Amino acid sequence: MKLVLLGPPGAGKGTQAVLLAEHFGGPHISTGDILRRHVAEKTDLGKKAEKYIREGKLVPDDLVIEMVRTRLRQKDARKGFILDGFPRNREQATALDGMTKVDAALLLFLDPEDLIKRSTGRRVCENCEAVYHLLTNPPKKPGFCDRCHSKLIVREDDREETVRRRIEVYEEQTKPLVSYYKTKGLLVQVYGSGIIDEIFERVIEALSQRKR
Ligand code: AP5
């Protein structure tokens, strides 16, 4: 399955992507995670991307497109992948069409106020990038990752003001991709409210309906 995940910040793309990657067997490729790793490691790309991420803006297309092209060439992504956070505008979508043929684009949607609560309560593992939420998906031991026991941190772009900015950027630049994929007959839409496992069931059902 070559699957693209669309949806506003906090809709649950990363959370569902982990489950989908386990289910379908391909890698979970999150452009946000890759960029944050570059920032933490202070690579050239990380130094260029940092201010855009901090301000809730999109990192320039040329940087992100090359990054994805390189990642999709790796052996583990040849048969399938869950692409989370890319494409985010028309130029990126066109570039992706030139790299590979995707099987479906899954849109997770949610009410705006729920998006804010999801993002401001999020905690991420500083080591393995596992995602938690203070209220809805807390770790067993407060402040520490269940998987690798490292410290949980707040993402720098999860301050409320920056989350609102990221939602605006989504509305202006990424939302038009919903009709882009609908026109191609590839769009699958799932409401992202409810228990994580129930949403996953809805996603699998919606994807299987599409294939029939
Ligand atoms: P990125 O990391 O891609 O962030 P995003 O798209 O804004 O999405 P989020 O990670 O905020 O949310 P999500 O939908 O994955 O939700 P999650 O599952 O974590 O991008 C960050 C930045 O990188 C961008 O702003 C940009 O600067 C740059 N960037 C990345 N890609 C780029 C590109 N292609 N081009 C240019 N720039 C790019 O869930 C959120 C919270 O809710 C968590 O705490 C989770 O535990 C909780 N939760 C999840 N599901 C549920 C549920 N069902 N019920 C209750 N709580 C839930």
Side-chain angles (χ1 to χ4, degrees), residues 4-21 28-40 45-46 48-69 71-72 82-93 95-96 106-111 114-125 129-139 145-146 152-160 162-175 177 190-203:
V4 160
L5 296 195
L6 296 175
K13 302 182 296 297
T15 302
Q16 294 299 322
V18 171
L19 302 174
L20 285 161
H28 167 208
I29 301 174
S30 157
T31 47
D33 285 348
I34 300 173
L35 287 165
R36 282 185 288 278
R37 248 173 267 149
H38 277 279
V39 171
L45 171 57
K48 287 178 191 154
E50 189 173 12
K51 79 177 169 73
Y52 295 97
I53 297 173
R54 199 175 46 236
E55 291 171 9
K57 296 178 183 162
L58 294 188
V59 173
D61 288 337
D62 55 338
L63 300 177
V64 180
I65 289 170
E66 263 332 288
M67 186 181 89
V68 170
R69 197 188 305 280
R71 181 63 186 88
L72 291 187
I82 310 298
L83 193 48
D84 165 14
F86 184 96
R88 264 181 147 95
N89 58 25
R90 186 63 187 254
E91 186 156 358
Q92 293 183 12
L96 180 61
L106 169 68
L107 169 68
L108 285 173
F109 60 96
L110 200 65
D111 304 322
D114 289 338
L115 296 174
I116 307 277
K117 284 184 211 148
R118 289 248 185 117
S119 296
T120 52
R122 172 168 41 202
R123 296 294 180 270
V124 290
C125 174
E129 292 153 358
V131 175
Y132 301 88
H133 190 281
L134 287 180
L135 302 176
T136 59
N137 184 22
C145 180
D146 293 349
L152 300 184
I153 55 169
V154 179
R155 252 169 63 174
E156 211 185 339
D157 58 351
D158 272 347
R159 283 179 298 121
E160 182 168 338
T162 314
V163 174
R164 289 191 189 276
R165 174 76 189 124
R166 286 163 52 209
I167 293 172
E168 277 169 25
V169 169
Y170 170 80
E171 291 288 327
E172 286 162 17
Q173 301 190 47
T174 310
K175 209 171 175 183
L177 294 185
V190 171
Y191 185 41
S193 179
I195 296 164
I196 291 169
D197 289 346
E198 283 173 8
I199 296 166
F200 180 64
E201 279 174 26
R202 266 182 244 157
V203 166

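As a basis for the values below, the full set of heavy atoms in this structure was taken, side chains included, without hydrogen atoms, waters or symmetry mates. Treat the numbers as computed from the prediction; the structure is a model and nothing was measured. As the structure lists them, so they are numbered: ligands from 1, and atoms in each ligand from 1.
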Quiz item: At the 4.0 Å heavy-atom cut-off, does Arg36 count as touching ligand 1?
Solution: yes

Self-check item: Min N/O separation Gly10 to ligand 1 under 3.5 Å
Solution: yes

Practice problem: Only heavy atoms count here, so choose which of Pro87, Gly12, Gly194 is nearest to atom 54 (N) of ligand 1. | Solution: Gly194

Practice problem: Identify whether the distance between the nearest side-chain nitrogen and carboxylate oxygen of Asp158 and Arg166 falls below 4.0 Å. | Solution: yes

Quiz item: Which atom pair, heavy atoms only, marks the closest approach of Leu177 to Ala93?
Solution: CD2-CB, 3.8 Å

Quiz item: If you count the atoms of ligand 1 from 1 in the order shown, which ones are under 4.0 Å from a heavy atom of Thr136?
Solution: 55 (C), 56 (N), 57 (C)

Quiz item: Would the number of heavy atoms belonging to other residues, nucleotides or ligands and lying under 6.0 Å from CD of Glu91 be above 12?
Solution: no

Quiz item: Numbering the atoms of ligand 1 from 1, which are under 4.0 Å from a heavy atom of Thr31?
Solution: 30 (C), 31 (N), 32 (C), 34 (N)

Quiz item: Is the closest heavy atom of Ser193 to ligand 1 under 4.0 Å?
Solution: no

Quiz item: How far apart are the closest heavy atoms of Gly10 and Leu110, and which atoms are they?
Solution: O-CD2, 4.0 Å

Self-check item: Which of the ligand 1 atoms, numbered from 1, are nearer than 4.0 Å to a heavy atom of Gln92
Solution: 33 (C), 34 (N), 35 (N), 36 (C)

Practice problem: Run down the list Lys57, Glu50, Arg118 and name the one with the heavy atom closest to atom 48 (N) of ligand 1. | Solution: Arg118

Exercise. Would you check the N or O atoms of Arg122, main chain and side chain alike, for any that come under 3.5 Å of an N or O of ligand 1?
Key: yes

Quiz item: Got a donor-acceptor contact below 3.5 angstrom from the Tyr132 side chain to the Asp146 backbone?
Solution: yes

Practice problem: Would you check whether Gln16 has a nitrogen or oxygen atom less than 3.5 angstrom from a nitrogen or oxygen atom of ligand 1? | Solution: no

Quiz prompt | Heavy-atom closest contact (Arg165 atom, Glu55 atom, distance) | solution = CG-O, 3.5 Å

Self-check item: Numbered atoms of ligand 1 (with element) below 4.0 Å of Val64, judged on heavy atoms
Solution: 33 (C), 34 (N), 35 (N), 36 (C)

Exercise. Identify the protein heavy atom lying closest to atom 43 (C) of ligand 1, giving its residue, its atom name and the separation to 0.1 Å.
Key: Val131 CG1, 3.5 Å

Exercise. Could you check which of Val163, Thr162, Val59, Leu108 puts a non-hydrogen atom nearest to atom 36 (C) of ligand 1?
Key: Val59

Quiz item: At a non-hydrogen distance cut-off of under 4.0 Å, which region of Asp157 contacts ligand 1 (side chain, backbone, both, or neither)?
Solution: side chain

Quiz item: Atom CG in Leu115, atom CG in Asp111: separation rounded to 0.5 Å?
Solution: 7.5 Å

Quiz prompt | Test log, rule salt bridge (Lys or Arg N to Asp or Glu O under 4.0 Å), inputs Arg36 and Glu156 | solution = CA-CA 10 Å; Arg36 282 185 288 278; Glu156 211 185 339; over 6 Å; no

Quiz prompt | For atom 15 (O) of ligand 1, closest protein heavy-atom neighbour | solution = Gly14 N, 2.8 Å

Exercise. Go through ligand 1 atom by atom and flag the ones less than 4.0 Å from a non-hydrogen atom of Tyr132.
Key: 43 (C), 44 (O), 46 (O)

Quiz item: Just distances here: any N/O of Arg88 and N/O of ligand 1 closer than 3.5 Å?
Solution: yes

Practice problem: Indicate yes or no for a side-chain donor-acceptor contact from Glu160 to the backbone of Ser119 under 3.5 Å, with no hydrogens or angles considered. | Solution: no

Practice problem: Show which atoms of ligand 1 fall inside a sub-4.0 Å distance from at least one heavy-atom site of Ile199. | Solution: 53 (N)

Exercise. Look at ligand 1 and say whether Ala11 reaches it with a heavy atom at a distance under 4.0 Å.
Key: yes

Quiz item: With distance as the sole test, does Lys13 use its side chain to make a donor-acceptor pair with the main-chain N or O of Gly7 at under 3.5 Å?
Solution: yes

Self-check item: Within-4.5 Å side-chain heavy-atom neighbours: Phe86 and Ile29
Solution: no

Quiz item: Is the closest N or O pair between Leu35 and ligand 1 shorter than 3.5 Å?
Solution: no

Practice problem: Among all protein heavy atoms, pick out the one at the shortest distance from atom 7 (O) of ligand 1; state its residue, atom name and that distance to 0.1 Å. | Solution: Arg166 NH2, 2.8 Å

Quiz item: Okay, side chain of Arg118, backbone of Ala11: is any donor-acceptor separation there less than 3.5 Å?
Solution: yes

Quiz item: Is there a nitrogen or oxygen of Ile195 sitting under 3.5 Å from a nitrogen or oxygen of ligand 1?
Solution: no

Exercise. Give the atoms of ligand 1, by number and element, whose distance to some non-hydrogen atom of Gly85 is under 4.0 Å.
Key: 31 (N), 32 (C), 33 (C), 34 (N)

Quiz item: Can you check whether Lys117's main-chain N or O pairs, donor with acceptor, with His133's side chain at less than 3.5 Å?
Solution: yes

Self-check item: From the candidates Arg155, Glu198, Glu156, Lys13, the one that places a heavy atom nearest atom 10 (O) of ligand 1
Solution: Arg155

Quiz item: Are Glu55 and ligand 1 in contact, using a heavy-atom cut-off of under 4.0 Å?
Solution: no

Self-check item: For the student: nearest non-hydrogen atoms of Gln173 and Leu58, plus distance
Solution: OE1-CD1, 3.3 Å

Quiz prompt | His28 to Asp33 - nearest heavy-atom pair and separation | solution = CE1-OD2, 4.4 Å

Quiz item: By number and element, which atoms of ligand 1 are closer than 4.0 Å to a non-hydrogen atom of Thr15?
Solution: 17 (P), 18 (O), 39 (O), 45 (C), 49 (C)

Exercise. Could you say whether the N/O atoms of Gly7 and ligand 1 ever approach to under 3.5 Å?
Key: no

Exercise. For ligand 1, find out whether one of its N or O atoms is nearer than 3.5 Å to an N or O atom of Arg123.
Key: no

Practice problem: Taking all heavy atoms of Pro9 and all of Tyr170, pick out the closest pair and write down the distance. | Solution: CD-CB, 4.0 Å

